[in-house]
Number of protein chains: 2
Amino acid sequence: MKGAPASINDIARALGISASTVSRALGNHPDISADTRSRVMEYAKAIKYRPNALAVGLKHQRSNTIGVVIPEIIHHFFSTIISGIEEVAYSKGLRVMICQSNEDYNREVINIRAMLDHRVDGLLISQSKDTNDLSHFVEVFESNVPIIFFDRFPSELETDRIITDDFQGGKLVTQHLIERGCRSILHLATSENLLVGAERCRGYADTIREAALTFDPNLILLCDTQQKVYAAKEQILAMAPHIDGVFAVNDLSAIAIMNLLMDAGYQIPDTIKVAGFGDDPIASIVRPRLTTVEQKGFMMGKKAIEMLLERIENPTSSFVPRTYKFQVSLNMRDSS
Amino acid sequence: MKGAPASINDIARALGISASTVSRALGNHPDISADTRSRVMEYAKAIKYRPNALAVGLKHQRSNTIGVVIPEIIHHFFSTIISGIEEVAYSKGLRVMICQSNEDYNREVINIRAMLDHRVDGLLISQSKDTNDLSHFVEVFESNVPIIFFDRFPSELETDRIITDDFQGGKLVTQHLIERGCRSILHLATSENLLVGAERCRGYADTIREAALTFDPNLILLCDTQQKVYAAKEQILAMAPHIDGVFAVNDLSAIAIMNLLMDAGYQIPDTIKVAGFGDDPIASIVRPRLTTVEQKGFMMGKKAIEMLLERIENPTSSFVPRTYKFQVSLNMRDSS
DNA sequence: GTGAAAGCGCTAACAT
DNA sequence: ATGTTAGCGCTTTCAC
């Protein structure tokens with residue numbers, strides 16, 4: 001029940017040796033005699049000595065911590081990415097500092113600055129939906145802190161990226177719906193400046209054209225949350241009689257429209273087929289089970305931190321940005 | 001594109017003044033002349049100076065950071081708690097360091113130690129399911145770092161707690177099911193050493209007895225995840241003909257059993273009524289919509305950090321543990 | 001094999 | 001109004 005935690009100096013004083021000897025003993029330096037080492041170790045354990053990470057970080061100019069900034073922790077995809085990141089981090093004794101931007105530009109900036117202030121060794125970021133000004137990212141480059149973007153990245157910047165093949169995912173879904181007989185497919189899209197959404201949409205549009213179906217821009221609705229789907233209820237129900245398929249940019253809006261259509265008396269998949277994107281656990285819980293694109297979140301997280309660690313270890317002057325794109329697969333279930 | 005970030009000394013040197021003057025100017029110390037202040041500010045902005053949080057922390061013996069350890073970020077309840085915590089933290093310029101234990105004792109220990117090493121100003125913790133040894137918590141007390149438990153706490157320790165009235169929640173659900181006509185209610189419970197689960201179960205059992213229904217211990221199944229529900233499929237289907245209600249300890253297992261029963265031909269809520277606990281967003285998405293107990297996650301998060309800040313500001317020697325219990329409400333939907 | 005001293009970046013007495 | 005100094009806890013030359 002004492003005030004400040006014990007320091008190396010406390011140990012040194014108690015044992016009548018110098019702080020540097022204690023430091024070396026604790027760090028298993030070869031010069032230290034077995035006897036001294038064990039005395040130090042023993043006493044350190046007895047008083048529950050713990051190194052001050054702030055002091056170590058200040059000395060070493062590195063904090064043994066990597067920072068992660070994600071839009072929203074609540075999304076299963078991001079959670080699995082974090083698990084992947086932590087998996088690797090723990091195995092290497094690295095600390096992980098997680099912050100969420102809540103899809104808010106200002107918070108993203110604040111979080112990134114806080115992480116830089118803490119002298120994180122590297123940064124793993126998935127940018128917020130409403131980030132347009134990229135100067136805070138540029139600051140990171142200028143401060144020479146390695147940074148890897150995952151999933152959502154600023155296309156204007158030449159950076160390392162761990163991404164999903166969203167275009168291919170969009171194609172897979174659309175091809176599947178067409179194979180199942182759909183001829184008029186509604187696409188629930190996400191806000192324009194989100195590249196992942198744009199890619200999924202491009203996959204959709206490309207496939208429609210390839211299949212020689214008529215591409216109708218009116219069949220694209222900006223509607224990427226449950227709330228927005230319900231807000232667009234009238235519009236959707238007005239279109240419903242003319243469509244036989246829906247490709248939603250994520251699982252939650254897919255499920256929302258599925259419910260909305262079923263409540264209006266439509267049969268799924270008989271009358272209208274629905275597919276989503278992401279393979280959220282909820283996709284296999286709802287009825288009918290949702291057909292959706294599976295993303296490799298855990299693997300992406302692992303790959304992201306591995307790439308980051310490589311960058312940290314090789315701070316090469318000639319920077320050549322790399323992109324690692326994960327392939328996707330379609331999980332066919334009962335909704336299509 | 002320089003190596004180390006600029007320090008106060010760099011500014012001092014460039015401006016031909018002393019480091020302490022720079023420090024004071026940056027900190028808006030009243031003694032500093034307006035001229036000096038503005039010159040420092042301007043130059044600092046120009047070179048994008050950022051204080052080294054490690055150095056500040058080392059000096060001040062506090063890091064302006066609070067640590068949060070939760071079992072799993074993926075659960076909506078914990079995510080909302082985090083949002084509540086961040087809400088307050090951001091408004092006060094505090095940093096939040098989040099770690100997940102993944103319901104693993106060892107990770108919990110590692111995380112807490114890492115936070116202590118970082119000299120966090122305080123700790124907000126919800127303990128993992130398989131934590132029985134409490135010595136790492138005791139270490140926190142001994143190091144005089146304020147700690148508040150939320151939701152899941154060690155009952156053997158006298159600590160500050162922000163909790164849900166789980167007992168009352170269990171009662172509410174059970175009373176509701178009985179009012180709806182249920183006479184034989186199955187309870188899907190969680191592992192024994194999780195107090196929140198035990199309390200919900202106690203609320204269930206108490207209510208059964210109060211209603212003068214026969215309490216049958218065989219109607220309590222240890223089954224708190226989707227997977228475990230499906231693993232117990234045979235057992236559940238064998239009981240199904242004899243029950244007319246289910247109270248699940250959380251929403252995911254409630255939904256799992258709902259699906260399992262519906263797949264087996266049971267009508268919900270007509271033949272069997274089902275209710276969950278937690279009000280996960282999925283509860284209002286699934287069909288039938290799930291009746292469930294609403295927990296005040298966001299409010300709990302806010303309260304937790306507010307209580308923590310109070311503890312940090314008043315490190316009183318006479319510690320009297322406080323418990324703040326949040327009331328719950330029942331959201332009645334279509335499953336009951 | 002161990003100690004003394006310097007310094008990481010910052011702040012806060014204590015000068016002046 | 002500003003400079004000097006010391007020190008937070010740790011590591012690491014450089015001595016011996």
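Just so you know, these numbers use all the heavy atoms, side chains as well, and skip hydrogens, waters and symmetry mates. Quick note on labels: first sequence line is chain A, next is B, and so on, each numbered from 1.
Side-chain N/O atoms of A:Asn111 and B:Tyr90 include a donor and acceptor closer than 3.5 Å. Side chains of A:Ser135 and A:Asp133: a donor-acceptor N/O pair is present below 3.5 angstrom, by distance only.
Rounding to the nearest 0.5 angstrom, the gap separating the CG atom in B:Asp121 from the NE2 atom in B:His60 is 11.5 Å.
A:Arg152 and A:Glu103 are joined by a salt bridge, as a carboxylate oxygen and a charged side-chain nitrogen come within less than 4.0 angstrom of each other. Between A:Lys48 and B:Glu139 there is no salt bridge, since no side-chain N of the basic residue sits under 4.0 Å from a carboxylate O of the acidic one. A salt bridge is absent between B:Arg24 and B:Asp31: the closest approach of a Lys/Arg side-chain nitrogen to an acidic carboxylate oxygen does not fall below 4.0 angstrom.
Atom CG in B:Leu58 sits roughly 12 Å away from atom P in C:dC10 (whole-Å rounding). In this structure, CZ of A:Arg62 is placed 16 Å from P of C:dG9, rounded to the nearest angstrom.
Here chain B contacts DNA chain D (any atom closer than 4.0 Å to a heavy atom, that is under 4.0 Å), and the contacts span D:dA1 to D:dG9 from 5' to 3'.
Annotation: cation-pi geometry satisfied between B:Lys303 and B:Tyr324 (NZ/CZ under 6.0 angstrom from ring centroid, within 45° of ring axis).
Each of A:Ile162, A:Ile81, A:Ile85, A:Val88 was evaluated against A:Lys302; a single residue qualifies, A:Val88, per the side chain to side chain contact (heavy atoms under 4.5 Å, CB included) test.
Summary of helix geometry: the two end axes of the helix from C:dG1-D:dC16 to C:dT16-D:dA1, each defined by five base pairs via their C1' atoms, are inclined to each other by 50° (rounded to 10°).
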* Structure fact -> Readout for nucleotides 11-16 of chain C: B = base within 4.0 Å of protein heavy atom, S = sugar-phosphate only, - = neither; 5' to 3' it is BBB---
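Aromatic ring centres of B:Phe319 and B:Phe141 lie farther apart than the 6.0 Å criterion allows.
The local environment of CE in A:Met299 is sparse, with at most 12 non-hydrogen atoms from other residues, nucleotides or ligands closer than 6.0 Å.
Residue contacts shown for A:Ile17 are limited to sugar-phosphate atoms, with no base heavy atom under 4.0 Å away.
Mapping A:Asn52 and A:His29 onto DNA chain D by nearest heavy atom places A:Asn52 closer to the 5' end of the strand.
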